[in-house]
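Have a look at the structure below, then the notes.
These numbers were taken from a predicted model, which means no experiment stands behind them. Below, chain A is the first sequence line, B the second, and so on; all start at residue 1.
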Protein chains: 2
Amino acid sequence: MQVSKREHIVAQADRLFYEQGYEFTSFAHIAEAVQISRGNFYYHFKSKDEILEAVIARRLANTHAMLDAWQLQGDSPRARIDCFIQILVANSSKILKYGCPLGSLTSELAKLNHQALDRANDLFSLFRQWLGEQLVVLGFSPQQADTLAMHLLARSQGIATLANAFNDMAFIEQEVKLLNQWLDLQIQSLPR
Amino acid sequence: MQVSKREHIVAQADRLFYEQGYEFTSFAHIAEAVQISRGNFYYHFKSKDEILEAVIARRLANTHAMLDAWQLQGDSPRARIDCFIQILVANSSKILKYGCPLGSLTSELAKLNHQALDRANDLFSLFRQWLGEQLVVLGFSPQQADTLAMHLLARSQGIATLANAFNDMAFIEQEVKLLNQWLDLQIQSLPR
DNA sequence: GCCGCACTAGGACACTTGACCTACAAGTTA
DNA sequence: TAACTTGTAGGTCAAGTGTCCTAGTGCGGC
């Protein structure tokens, strides 16, 4: 049960870091959520940074798994990119409450000048690269694909931030529609 | 000198909240920055929330002043909206380091469930309304104008977030160009 | 001169933080 | 039985937190 227990701790920490932020979440918070004593905590993780590291590793692994699933699920690059866009809708209720898990963690770590910032940014890079690959398959040059991937990421981030600020679910749906229109336009303008 | 001193404290707190985040910034940090003793601090502000309130009020006032200046400076609504877009470029070096002051504060307060969140969101609303007004003058319906204003805000937020994560100044310039193109396209498609 | 006032320094307070330790129970191995 | 590993509980530590108090400064008005 040791693996499962550790996994349980990381999962709760992941949730709390997302919902409350890293800085605000203390050992006591996590320990209480996992129902273990504060002291016992130190057996599994010997510093707060170590938990953060584990949480980021977990997110990276989950993201990898998700991207792989999309790769199988979507039967065209366009459909796969749609999977990416749709997470805004799928996770909308959480986004309204807590914002984007990616963006909020990254910006918090950036402010704290935390050493794990680079690892957190790897999450962004993962999406960036994957989106780029899909776009290359669609016929864009690697450079064009990367530019479009960054644009997609930025749009998603902005949508999440504003939806969070104004607690506006309709805004998400509206912008998702615009994002799809924009993407189709880009694909249409490809030389064939 | 009491006004000036208080103003000085708020200015430093504003800077530190932006650069380090609200949660992480302590009384000691601010007191040290202002060169006063920690205890003295309590004479001017009797709680941390009160400082936050003052900082937000300051930002609201500054934003108001900025929007008024744009109103005089830009001789057309299109030129005024360009002022808004250009702050991404003007503040790019700070954005690369700390992200967007608006978005990062809002998302942090949202996570902390802080009561001042609504006041912080007023900052967003200020831009939203001002942008909407400009777009109405351009000929859009109030509803269209608000939709476009929200879109503009979201794009800006996304650009700031991604630029911050990847520390990429070229990305800002690239996206600013796209934003201008998009806006001109919207204006062109207006019925006349 | 004296008083009142805006302002300041420094510390006390109760509490929380991450970090660390010891004690111990249960299970495994020898 | 004895030694060892694994996991847990609970307490302790120094440092730091926001809050609050008191003593005192300098200065303008009376």
Side-chain angles (χ1 to χ4, degrees), chain A residues 1-58 105 108-109 111-117 119-120, chain B residues 1-58 105 108-109 111-117 119-120:
Chain A
M1 287 295 140
Q2 68 269 43
V3 176
S4 154
K5 188 69 161 188
R6 192 193 146 96
E7 200 56 38
H8 190 203
I9 294 174
V10 178
Q12 290 297 314
D14 192 347
R15 182 178 63 81
L16 289 172
F17 286 171
Y18 175 38
E19 293 178 1
Q20 311 184 338
Y22 170 72
E23 178 72 16
F24 182 75
T25 302
S26 70
F27 276 35
H29 286 141
I30 307 174
E32 193 189 16
V34 190
Q35 300 267 42
I36 61 171
S37 69
R38 248 178 26 263
N40 182 13
F41 209 100
Y42 208 71
Y43 171 77
H44 298 281
F45 299 95
K46 68 176 190 293
S47 79
K48 198 178 177 183
D49 289 356
E50 208 174 299
I51 304 175
L52 178 58
E53 201 72 34
V55 166
I56 296 177
R58 177 190 144 95
L105 181 66
E108 184 176 0
L109 295 184
K111 280 190 194 300
L112 297 177
N113 249 322
H114 200 286
Q115 52 172 7
L117 173 61
R119 295 265 296 154
Chain B
M1 289 299 137
Q2 67 269 42
V3 176
S4 153
K5 189 67 163 189
R6 193 192 145 96
E7 200 56 40
H8 190 203
I9 294 174
V10 177
Q12 290 297 315
D14 192 347
R15 182 179 62 82
L16 289 172
F17 287 172
Y18 175 37
E19 294 178 1
Q20 311 184 338
Y22 170 73
E23 178 73 16
F24 182 74
T25 302
S26 69
F27 275 37
H29 285 140
I30 307 174
E32 192 189 16
V34 189
Q35 299 267 41
I36 62 170
S37 68
R38 238 177 40 259
N40 183 12
F41 211 101
Y42 206 70
Y43 172 77
H44 298 279
F45 298 95
K46 68 177 190 292
S47 77
K48 198 178 177 182
D49 289 356
E50 207 173 300
I51 304 175
L52 178 59
E53 202 71 34
V55 165
I56 295 177
R58 176 190 146 95
L105 181 66
E108 184 177 0
L109 296 184
K111 281 190 195 299
L112 298 177
N113 248 321
H114 199 285
Q115 51 173 7
L117 174 61
R119 296 266 295 151

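- Whole-Å rounding puts the B:Phe41 CZ to C:dG11 P distance at 19 Å.
- Atom P of nucleotide D:dT17 and atom NE2 of B:His29 are separated by 6 Å, given to the nearest angstrom.
- Take the nearest nucleotide of DNA chain C for A:Ala28 and for A:Tyr42: the residue whose nucleotide is more 5' is A:Ala28.
- The local environment of CD in A:Glu32 is sparse, with at most 12 non-hydrogen atoms from other residues, nucleotides or ligands closer than 6.0 Å.
- Atom OH in B:Tyr43 sits about 13 Å away from atom C1' in D:dT25, given to the nearest Å.
- As a whole-Å value, the separation of B:Lys48 NZ from D:dC20 P is 15 Å.
- Rounded to a whole Å, the CD atom of B:Glu23 is 17 Å from the P atom of D:dG16.
- The CD atom of A:Gln35 sits 10 Å away from the P atom of D:dA9 (whole-angstrom rounding).
- One finds a side-chain N or O of A:Asn40 lying less than 4.0 angstrom from the OP1 or OP2 phosphate oxygen of D:dA9.
- Side-chain contact between B:Ile30 and B:Phe17 is present, with heavy atoms from C-beta onward closer than 4.5 Å.
- Atom-to-atom, CD1 of A:Ile36 to P of D:dG7 comes out at 12 Å; the value is rounded to the nearest Å.
- Across C:dA19, C:dT8, D:dT6, the shortest atom-to-atom separation from the side chain of A:Ser47 is found for C:dA19.
- A straight line from CD1 of B:Ile30 to P of D:dT19 spans 11 Å, rounded to a whole angstrom.
- Within the 4.0 Å cut-off from OP1 or OP2 of C:dA6, not a single side-chain nitrogen or oxygen of B:His44 is found.
- No donor-acceptor pair under 3.5 Å is formed between the side chain of A:His44 and the backbone N or O of A:Phe41.
- Put simply, the side chain of B:Arg38 and the base of D:dT17 share no donor and acceptor less than 3.5 Å apart.
- For B:Ser37, no side-chain nitrogen or oxygen approaches OP1 or OP2 of C:dT8 to under 4.0 Å.
- Between A:His114 and A:Tyr22, the closest side-chain pair of non-hydrogen atoms falls below 4.5 Å.
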Would B:Glu7 and B:Arg58 satisfy side-chain contact (heavy atoms from CB on, under 4.5 Å), going step by step from the backbone distance to the final call?
CA-CA 9 Å; B:Glu7 200 56 40; B:Arg58 176 190 146 95; 3.6 Å; yes
